[in-house]
Structure formats: C-alpha cells, structure tokens
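In each ligand, atom 1 is the first atom listed, and ligand 1 is the first ligand listed.
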Amino acid sequence: MLADTAEKIKRMEIRGAGRIARAAVTALEDHSSSLTPRSLPDYLEKMDEAAALLLATRPTAVSLPNAIHTVMSVLREPYTDVKEAEDAFRERCRAFITTSEQAVQRIGEIGSRHIRNGDVLLTHCNSEAALACILEAKRMGKEISVFATEVRPRNQGYLTIRTLDQAGIPTSFIVDSAARYFMNEVDLVVVGADAVSVNGAVVNKIGTSQIALAAHEARTRLMVAAETYKFAPRTILGEYIEIEERDPGEVLARDLSGQFSHVKVRNPAFDVTPAEYVDLIVTEAGAIPPQMAYLIIRDILGWEIGECSPGVGSRQDTGRGPC
Ligand code: RUB
C-alpha cells in the first residue's frame, strides 16, 4: 500500500496537491497499522522511513511535506509502548483528513462570495479548491460560465471540463495558448496552488504565470484557492520551492524525439506567479491579499521567523526534528 501510493503519486495517478496530501496520510496510517515492530524505536524508525519514501515522490506540492510533518509530529511525543503511539498516530491522521476535506468545502463557501452573478471565469489545470469555489457559486444560483484550459502535456483540463459539465456550467474548452486571446472576455481567473511562499508568490501548474500576466494586462482579477497547508513555512528562511521537471516523453513521444539531434525537451510541471499578479488568496481561514501570506504561516501553521535555523528543515525532514 505504501509503495503503491508512492508510485501512484509519482506517475500522477494520484495528483493535485490536496489529494496527494490526503493519499500520503492515508498510506502512512495504513502502514502504521500494518507494521509488526519489535519495539517502539523500531516502530518510529520504520515510520520515518515510510515518510521519507512518500516525501521523495513529487517535490513541488508543499501540501505533501506539510501534511507529513503534521501527522509525524505526533510521534515526537513520549509513548510507553507501540500501541499508544499507533493510536495517537491514527487519530492524528484521521483529524488531518477531516480537516483537509472541510478546508476545501470552506474555501468553496468563501471563494464563491468573490464570484459575481454573470461572471465569466477562467480556470487552469484541475484544482479541487478552485472548483469548489466555482461549484459553490453555481449552487448559490449565480449564472456563471467558464473557460477551461487543456493543460498540456497531461491534459488535466479534461478532468475539469467533466466536473463543470456535470454541474451544468456552460464551459468553453480552450488550448493553453488561447488564454490571452480570450482574456478580455474573462472577469475572474480562479486557480489552485501547489505552494504559496511567504512573499505571496503562488506555485501552480505550468502556464499559470502566463495566464496571470495576461490577466494583469487585461485588468482581470486573479483569485487563488489554497488550503493553509499549501503555504510553505521554509520560504521564511529563503528556501526556494523546487519546481518538478518531468519526463520529456510527456511532451514529445520518444520515437519522435529520436528524430532530432539538437533538440532537448524541457518539461517543468509548475511555475511561479509573483504576488503582484495575484489579487486574492482564499484559504479556509479567510481570504487574504497575497502579501499577508506570512500571517498564515505564523498564525495558522505556527511557524515563527527564526524558529529553525537554515539546514535543519530540509525537505527530508519527517517532522521529528526540531522544526
Ligand atoms: C495540479 C495543480 C493544481 C494544484 C491545486 O498539478 O497544479 O492546480 O495542485 O490542486 P498536477 P488542488 O496535476 O501536476 O498534480 O486544489 O486539487 O489541491
């Protein structure tokens, strides 16, 4: 189950920052109950190994290390035996999953208030949180329509149009490069996030920053829907969020790329939209301007400037270290 989930996340059978986080926590919970450890230290060591395996799957979505940090940190408490540790771990995992699901619902409620009756929206990729805002606006009876991009190379736009179609929302499906062409018809861009840095920059599916530039030029608002656990505490320390570069075969079939001698395919999966191009970030704790990202990291995630020293909080940190 653990290796299977890790593989599915790598292959993107499980994808989207929120789903990745919940799948990782579920896999850890199942792993914990399947273990037959010799002792408490043995149990803790095996759980650390499991956390490290999941952390290594995809590097960009900060929801993954944040979720793992949240559940693994309960194992820092002193326990008398394995059963006690396992019980506390199971409870923490379930609490995380419930909170995460409720966060998406709450984001939908808050985000939908920023969608007006008659609005034309544009969304990119397939974000549960962004779709929650759009679906809730529809549920409230607002008449909306949506431009949904294709999302090369993995075509996550197909998932998005299916959901929009099922909800009865009039949708125009466009190629990614048509976003600027249609931007003057759009009132609000709604996207999700894989990570939000302390300075309010948003990491999301490749192409989001181009769409944000086009929106900025057309004076179209851009709203990001992101659970608080997508905010990246370690960016306080100046740590950059790693952008995943995926297999070139996703962009150009191998037999075709074999025909070229001087062509190299680059396939970054995400890009960074600076805070200046983001009007609003909707979290389950409320809607904030991107410049207030630090407050989420400090007040909700509980990280202070200077809380950890550089180097201590590497991405391999499983939550059992000092930060
Ligand atoms: C998914 C993507 C989504 C965010 C937010 O990329 O960029 O916009 O993860 O999604 P990929 P959600 O398909 O490469 O995982 O709101 O569902 O967490």
Between the side chains of [X] and [Y], is a donor N or O closer than 3.5 angstrom to an acceptor N or O?
X      : Y      : answer
Tyr43  : Ser32  : yes
Glu284 : Thr228 : yes
Arg152 : Ser177 : no

Could you identify the single nearest non-hydrogen protein atom to [atom] and state the distance to 0.1 Å?
atom                    : value
atom 6 (O) of ligand 1  : Lys205 CE, 3.3 Å
atom 17 (O) of ligand 1 : Glu128 N, 2.8 Å
atom 13 (O) of ligand 1 : Arg15 NE, 2.5 Å
atom 3 (C) of ligand 1  : Asn204 OD1, 3.4 Å
atom 16 (O) of ligand 1 : Ser127 OG, 2.7 Å

Problem - For Gly18, atoms of ligand 1 separated by under 4.0 Å from a heavy atom - result: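 Listed by number with element, the hits are 18 (O).
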Indicate if [X] and [Y] have the same hydrophobic cluster label, given that clusters are the connected sets of ILVMFWY residues with side-chain heavy-atom separations under 4.5 angstrom.
X      : Y      : value
Ile9   : Val71  : yes
Leu121 : Ile107 : yes
Leu159 : Leu122 : no

Problem - Proximity winner for atom 5 (C) of ligand 1, if only heavy atoms of Gly207, Gly16, Ala269, Ala193 are counted - result: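 Residue with the shortest heavy-atom distance to the ligand atom: Ala193.
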Practice task
May I ask which of Arg154, Arg19, Arg58 has a heavy atom nearer to atom 11 (P) of ligand 1 than the others do?
Solution key: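 Checking each option, the heavy atom nearest atom 11 (P) of ligand 1 is found in Arg58.
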Taking only non-hydrogen atoms of [X], do any sit less than 4.0 angstrom from ligand 1?
X      : result
Met12  : yes
Lys230 : yes
His124 : no

Practice task
May I ask you to identify, for Gln156, whether its side chain, its backbone, both or neither come under 4.0 Å of ligand 1 on a heavy-atom basis?
Solution key: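 It is the side chain that touches ligand 1; the backbone stays farther off.
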Any N/O of [X] closer than 3.5 Å to an N/O of ligand 1?
X      : result
Asp194 : yes
Ala17  : yes
Ala129 : yes

Handout entry: Shortest non-hydrogen separation from Ala17 to Ala193 and the atoms involved
Key =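 Scanning both residues, the minimum pair turns out to be CB-O, 3.8 Å.
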Handout entry: Ionic contact status for Glu136 with Arg139, cut-off 4.0 Å
Key =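 Yes, Arg139 and Glu136 are salt-bridged.
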Exercise for the section: Show your reasoning for whether salt bridge (charged side-chain N to carboxylate O under 4.0 Å, His left out) applies to Glu13 and Arg11. Expected result: CA-CA 6 Å; Glu13 273 173 53; Arg11 287 200 309 259; 2.6 Å; yes
Handout entry: Step-by-step side chain to side chain donor-acceptor pair (under 3.5 Å) determination, Tyr277 to Ser209
Key = CA-CA 8 Å; Tyr277 300 119; Ser209 69; over 6 Å; no
